[in-house]
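Keep in mind that the numbers below use all heavy atoms, side chains included, and drop hydrogens, waters and symmetry copies. Note on naming: letters A, B, ... go to the chains in the order of the sequence lines (proteins, then strands), and numbering restarts at 1 for each one. Predicted model only: the values in this text are computed from it and were never measured.
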Amino acid sequence: MTAVLTRDPVSTGKQHGTRRGPRRAYHFPSYLILVVLALFAVGPMVAMLFNAFKSNSQIGASPLAPPTSLSLHNFTTAWTEGGFATTMRNSVILVVGAVIGTTIVAGLAAFALSHLNVPGGGGFIAYLFLGSAMPVQLFVVPLFSLWTQLGLTDSLFGLMVIYWATEAPFATLLLRSFLLKVPRDFVEAARLDGASDLTIARRVILPMAWPGFLTVALIVGLAAWNEFFWAITFIHDPAKRPVSTSFLAFQDQYSTDWGLTSAAALFMLIPVVLLFIALQRRFVAGLTSGGLK
Amino acid sequence: MTTVPVPAPSRTSVARGRARMRLRRGLIAWAFLVPLLVLNVLVVLGPSIATVYYSFTDWSGIGPANFIGLDNYVNAVKDPAVRDALLHNAIWFVLFLSVPMALGLLGAYLLSQVKRFAMVFRVLYFIPYVTASVVNAALWKMLLSPDSGIGHYLGTHHAWLGDTATSLYSVNFVVDWHWWGFLAVIFFAAMQSVDPQLYDAAKVDGANKWQQFKSVTLPGIRPTTIFIFLMTIIWSLKAFDYIYIMTHGGPAGSSEVISTLMYSQAFNNYSAGYAAALGMSMTVIIGIVLAVYSFLRKKGWEE
């Protein structure tokens with residue numbers, strides 16, 4: 001179902017410049033609108049960046065103006081008041097755990113669905129598609145009850161398992177599309193040499209399809225870092241909260257102190273934006289292929 | 001290799017050996033799917049089946065549940081809160097379909113027209129989409145607050161999120177804002193695969209930019225547009241995060257949608273059985289949309 005979106009926007013984008021030729025030289029109106037759209041997209045974020053360096057009275061006087069000095073007061077206060085040392089650590093654990101777990105589970109499944117003949121594999125793929133379109137409202141309440149009985153609420157591990165299960169179908173489908181590009185001959189050659197399926201997965205597939213694994217890791221990591229719904233439902237202990245829900249609690253508490261909340265928001269935002277800009281092609285290729293999510 | 005005909009018994013044993021081999025290979029292949037299956041049954045499928053059952057009970061979320069037949073569904077149909085929430089979902093759908101789609105198509109088309117900096121714009125448009133919902137929500141709460149941000153500049157001091165007349169539209173605006181760049185990138189990718197000769201032919205026929213967009217670009221990206229259209233129905237029905245974070249469905253239920261209503265029924269009102277019935281109804285609607293989509297695909301409507 002995602003077939004229409006799986007075209008790689010990067011590689012096709014590259015051919016573009018040479019294709020249309022230099023005939024249309026004057027693009028001023030196009031650029032003007034593009035710049036206006038860009039300001040619409042990131043302008044609010046710039047306002048937040050400005051406010052993080054301003055005191056509350058400065059924000060009250062001129063909420064959207066650039067700061068007059070680069071005071072780090074808001075950042076230091078927000079870091080300690082918001083307990084970011086703890087919640088950042090929680091989020092890093094969640095992200096690393098979610099990435100490793102999901103990649104292993106999805107990697108094994110994607111390998112089987114691309115290079116082994118799974119009887120009924122087509123039906124299984126359809127189930128994965130369908131499952132990732134279903135609303136979480138279908139299973140959240142009994143899952144909460146089950147997790148309470150298993151003692152997995154207020155637990156980073158319990159939350160991580162949910163991330164594995166909810167991210168794995170999408171990750172499997174995306175990885176499968178990468179693994180299908182590994183030629184079957186390589187797999188057959190290794191098999192004739194007596195390699196087991198697991199060895200083939202580790203020694204042949206993994207080295208050849210690592211860009212796919214990296215893409216999946218980035219997307220699962222981003223999802224775990226930003227995730228809100230499961231975290232707010234399953235983690236109530238403030239010491240166990242990831243940054244997303246602890247930031248929300250912090251913001252509710254200091255709802256009128258925009259300088260402080262802007263600084264706190266930047267703690268959450270800046271790692272993502274830097275990583276995104278550094279690896280944007282991979283991010284965009286992966287995220288646009290996951291249209292069904 | 002030998003010309004001596006193979007005796008019959010040995011041939012069937014070879015066939016049997018091959019069948020056993022195939023069975024073994026099939027089992028090994030499925031073994032690779034076991035971790036995913038176990039996780040899925042534990043977290044998604046098992047609880048989903050439980051929801052089907054609980055939707056026919058008066059379950060509170062903890063303890064035993066009594067079977068009450070279709071009462072939850074009958075109550076849901078009669079419940080004015082459900083009706084209001086579904087109306088809000090419908091409004092949400094209309095806005096969430098038109099605003100990001102229009103901005104996304106505009107951005108994508110312009111990106112496909114320019115030669116330089118297209119990648120830079122693409123990155124900038126995409127940043128709100130990769131930003132956490134809590135951060136975007138906080139950012140816009142600041143900009144929409146009556147005493148700071150935009151309201152302060154314009155001197156309106158209107159509480160966009162606190163007014164029953166504007167709360168739903170304000171949250172929807174924020175969601176549109178973070179979403180359109182994602183659509184722009186998807187449409188941009190789709191536009192790359194439109195045959196450039198079609199544009200040349202249109203130009204020879206004297207078509208202007210708007211005519212080219214209408215009769216070359218739009219038909220060229222039709223499968224993507226249809227896909228986005230149908231997914232938007234599903235996404236609109238699932239709308240939750242931003243509403244929960246920014247207004248909690250309020251004030252006075254003015255921004256309540258079906259998923260926030262379901263959530264508060266389950267976790268604040270301890271009406272888990274009723275919530276299960278609402279969750280089931282959402283799933284059925286989404287199932288119908290997906291069925292229509294695959295039917296249309298089979299019919300080749302996309303082409």
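Of all the listed residues (Leu222(A), Leu34(A), Val272(A), Asn51(A)), the one sharing the greatest number of non-hydrogen pairs under 4.5 Å with chain B is Leu34(A). For the set Pro119(A), Ala112(A), Ala265(A), the count of heavy-atom pairs under 4.5 angstrom toward chain B peaks at Pro119(A).
Interface remark: Leu36(B) contributes backbone and side-chain atoms alike to the contact with chain A (heavy atom separation under 4.5 Å). Looking at Ala50(B), the atoms closer than 4.5 Å to chain A (heavy atoms on both sides) sit in the backbone and in the side chain alike. Proximity to chain A (any heavy atom under 4.5 Å) is shown, for Leu110(B), by both the backbone and the side chain. Contacts between Tyr109(B) and chain A at a heavy-atom distance below 4.5 Å are absent for every atom of the residue. Both the backbone and the side chain of Met142(B) come within contact range of chain A, each with at least one heavy atom under 4.5 Å from a heavy atom of that chain. Within the 4.5 angstrom heavy-atom criterion, only side-chain atoms of Leu37(B), from C-beta onward, approach chain A.
No close placement of the Phe117(B) and Phe121(B) rings is indicated, their centers lying 6.0 Å or farther apart. The aromatic ring centroids of Trp147(A) and Phe144(A) lie 6.0 Å or more from each other. For Tyr53(B) and Trp59(B), the ring centers are positioned 6.0 Å apart or more.
With contacts defined as side-chain heavy-atom distances shorter than 4.5 Å, the pair Leu248(A)/Phe228(A) qualifies.
Note that CE of Met268(A) and OG of Ser244(A) are 5.0 Å apart. Values are rounded to the nearest 0.5 Å.
A donor atom on one side chain and an acceptor atom on the other are found under 3.5 Å apart for Tyr163(A) and Glu227(A).
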